[in-house]
Amino acid sequence: MYVASLTIDLLFKKVFSDPDIARSFLEDLLGILITEIVVLGIEHKLSDDAVIVKFDYRCKVNGEYVIIEMQQQYKKDVIKRFYLYHCLDTALQLEMLQSIEMIRPNGEKYKEKVYSGVVPVHTILWMVDDSLNFNDDFIVFTTLPELAKDFISDETLWSQPLEKIVTARAETLKILNNTTKDLGFLQKNRMIYVFQENIVKNRRNRPYNKWFDLAKKSKNPKNVKSDFDEFKDSKVMAEVIRRLEKTKLEPYEYKYVSDLYQYENMLDQTKREAERMAQEVMQTKQEAARSQQEAARSQQEAARSQQEAARSQQEATRMAQEAARSQQEAKRMEQELVRQKERAEQAEKTEKTKILKAVHGFLMLGKDVPYIADILGISIEETYNLAEQISDK
């Protein structure tokens, strides 16, 4: 480590305690020429609850108050906390306001603050890692009439004809431009969220870029002297680096930085371990999900197999029933053939008996064999055989 991190509160205060450094930074960031800068106390006690409020940096620039707050760790309440600081910096002006002597109707004298001496406050919020989901270098919030917000966000208005939109804009401007009793003072108070990571990434070649590039490089615990060669030609930046140099740190500063780095390393290790465990848990969940899906597919396949087996069994049963019906039909046909044969044999026997009787009758009438064969339509040979059978009886 060649220099300690500028983003460490202790060293940030050390660097910005130099008015020339503070002036240069504010001129680069705000794009203004500072003719007067007064460094103010950063620690204040609120009497009601004995709460100590500590600003990272507080000054008065060209007659207006400026505070700089650096936010390194991620906190959910950062917006409300900084708004409170912004309000407190305004409230602390009560210490500086002049009082005038007033007389009540009963002649009693009292003192009253003259609030016309209240000046705007500019709160600069240096966000080291958090970008609040913005891609810009910085975002400025100020106090505007609600109608101005409504003019922009009212979707129904923007679907109206252009004439109505222009009329609404004129009404909005009328309110914005009303400076009665110094209403414009409200718009002069600003909360400026500055995003270090965005500035380093966007590379928009602005005067303030060098400050955040230096802060980014100094944040690396393994930085070396050559990392800061680009800043050596600037007297102000060279002084910033000198105040951060490891060899120039006071013993208590070095211990503070070392302890902080150890703590951050521990946090990083804990975070990495937590991330690793989270990945393992996620992998386990994914594997369990895959296993459940595979089990579900196997169960579905088993159900399909069972359904197919049931259909096969039903088909086999149907075929067996069909075979049984075919067998029964074959047996019935066989029996029918037997009956038909028996009927045929019986008919043949009956026919032979009739013919035999007829032959016998003709023989009794004295008819010869050729005559009988011709009348009955049978052969002479068969007629002779029948005649012999009759004579044998």
Side-chain angles (χ1 to χ4, degrees), residues 25-34 36-38 40 42 44 46 48 51 53-71 75-98 112-127 130-158 165-195 198 208:
F25 171 76
L26 292 172
E27 285 184 340
D28 288 342
L29 181 67
L30 301 177
I32 61 174
L33 177 64
I34 297 177
E36 177 190 13
I37 182 168
V38 179
L40 302 174
I42 60 174
H44 301 273
L46 303 181
D48 285 350
V51 174
V53 177
K54 294 182 179 180
F55 298 112
D56 287 338
Y57 179 79
R58 182 171 180 249
C59 68
K60 198 170 185 181
V61 173
N62 297 345
E64 298 182 346
Y65 287 93
V66 175
I67 61 173
I68 304 175
E69 282 295 315
M70 178 170 290
Q71 180 60 41
K75 292 183 178 180
K76 288 185 177 181
D77 62 355
V78 65
I79 302 300
K80 294 180 179 179
R81 184 164 70 92
F82 286 150
Y83 177 73
L84 182 61
Y85 279 21
H86 178 77
C87 295
L88 285 173
D89 196 32
T90 300
L92 287 172
Q93 295 184 49
L94 286 168
E95 301 173 346
M96 311 298 296
L97 294 182
Q98 294 181 355
E112 184 176 285
K113 293 284 188 182
V114 179
Y115 292 95
S116 59
V118 176
V119 298
V121 170
H122 306 273
T123 301
I124 299 171
L125 309 165
W126 184 328
M127 311 294 286
D130 195 352
S131 65
L132 302 180
N133 287 329
F134 289 111
N135 296 317
D136 308 84
D137 286 1
F138 57 86
I139 295 292
V140 180
F141 288 87
T142 186
T143 303
L144 291 174
E146 188 171 9
L147 184 63
K149 176 182 71 68
D150 294 341
F151 173 74
I152 297 172
S153 60
D154 186 356
E155 295 183 3
T156 58
L157 171 64
W158 290 94
I165 297 175
V166 171
T167 300
R169 178 177 180 274
E171 292 296 324
T172 304
L173 287 174
K174 186 185 297 184
I175 295 176
L176 286 173
N177 295 331
N178 185 350
T179 58
T180 304
K181 293 188 177 180
D182 206 11
L183 277 171
F185 166 81
L186 298 176
Q187 300 176 38
K188 295 177 182 178
N189 292 269
R190 300 186 299 166
M191 296 186 67
I192 307 170
Y193 289 86
V194 184
F195 310 114
N198 289 357
Y208 52 76

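Scope of the values below: all heavy atoms of this structure, side chains included, with no hydrogens, waters or symmetry mates.
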Rounded to the nearest 0.5 Å, what's the gap from CG on Leu176 to CG on Leu186? Could you check? 11.5 Å
Here the gap from Leu84 atom CG to Asp89 atom CG, rounded to the nearest 0.5 Å, amounts to 11.5 Å
Any idea which heavy atoms bring Ala148 and Thr172 closest together, and the distance? CA-CG2, 3.7 Å
Taking every heavy atom of Asn189 against every heavy atom of Pro120, the minimum-distance pair comes out as OD1-CA, 3.4 Å
Can you confirm whether Phe134 is buried at CZ, in the sense that more than 12 heavy atoms of other residues, nucleotides or ligands lie under 6.0 Å from that atom? yes
Would you indicate whether the side-chain heavy atoms of Arg58 and Leu92 approach each other to under 4.5 Å? yes
For Gln71 and Val78, the nearest pair of non-hydrogen atoms, with its separation, is CG-CG2, 3.9 Å
Looking at Leu132 and Asp130, what are the two nearest heavy atoms and their distance? N-OD1, 2.9 Å
May I ask you to decide if Asn198's main-chain N or O and Asp136's side chain share a donor-acceptor pair within less than 3.5 Å? no
About how many Å separate CG of Asp154 and NZ of Lys149, when rounded to the nearest 0.5 Å? 9.5 Å
Any chance CZ of Arg169 has more than 12 other-residue heavy atoms, nucleotides or ligands included, within less than 6.0 Å? no
Is Trp158 reaching over with its side chain to a backbone N or O of Phe151, donor-acceptor style, under 3.5 angstrom? yes
State, yes or no, whether a side-chain contact exists between Phe82 and Met127 at a heavy-atom distance under 4.5 Å. yes
Just wondering, do Val114 and Leu97 contact through their side chains at under 4.5 Å, heavy atoms? no
Gln93 and Val121: side chain to side chain contact (heavy atoms under 4.5 Å, CB included), yes or no, with the steps? CA-CA 10 Å; Gln93 295 184 49; Val121 170; 3.5 Å; yes
Rounded to the nearest 0.5 Å, what's the gap from CD1 on Ile152 to CG on Leu157? Could you check? 11.0 Å
Return the orientation label for the Phe195 and Tyr193 ring planes: parallel under 30°, perpendicular over 60°, tilted otherwise. parallel
Test applied, side-chain contact (heavy atoms from CB on, under 4.5 Å); reference residue, Gln187; option that passes from Thr143, Leu144, Thr179: Leu144
In this structure, CD1 of Ile79 is separated from CE of Met191 (nearest 0.5 Å) by 7.0 Å
Nearest heavy-atom neighbours spanning Ile32 and Leu26: CG1-O, 4.4 Å
To the nearest 0.5 Å, how far apart are CD1 in Ile124 and OH in Tyr57? 9.5 Å
State, yes or no, whether a side-chain contact exists between Arg190 and Leu30 at a heavy-atom distance under 4.5 Å. yes
Return the orientation label for the Trp126 and Phe25 ring planes: parallel under 30°, perpendicular over 60°, tilted otherwise. parallel
Check whether any side-chain heavy atom of Tyr208 lies under 4.5 Å from a side-chain heavy atom of Phe138, and answer yes or no. yes
Which pair of heavy atoms, one from Thr123 and one from His86, lies closest together, and at what distance? OG1-ND1, 2.6 Å
May I ask you to test the Asp56-Ile68 pair for a side-chain heavy-atom distance under 4.5 Å? no
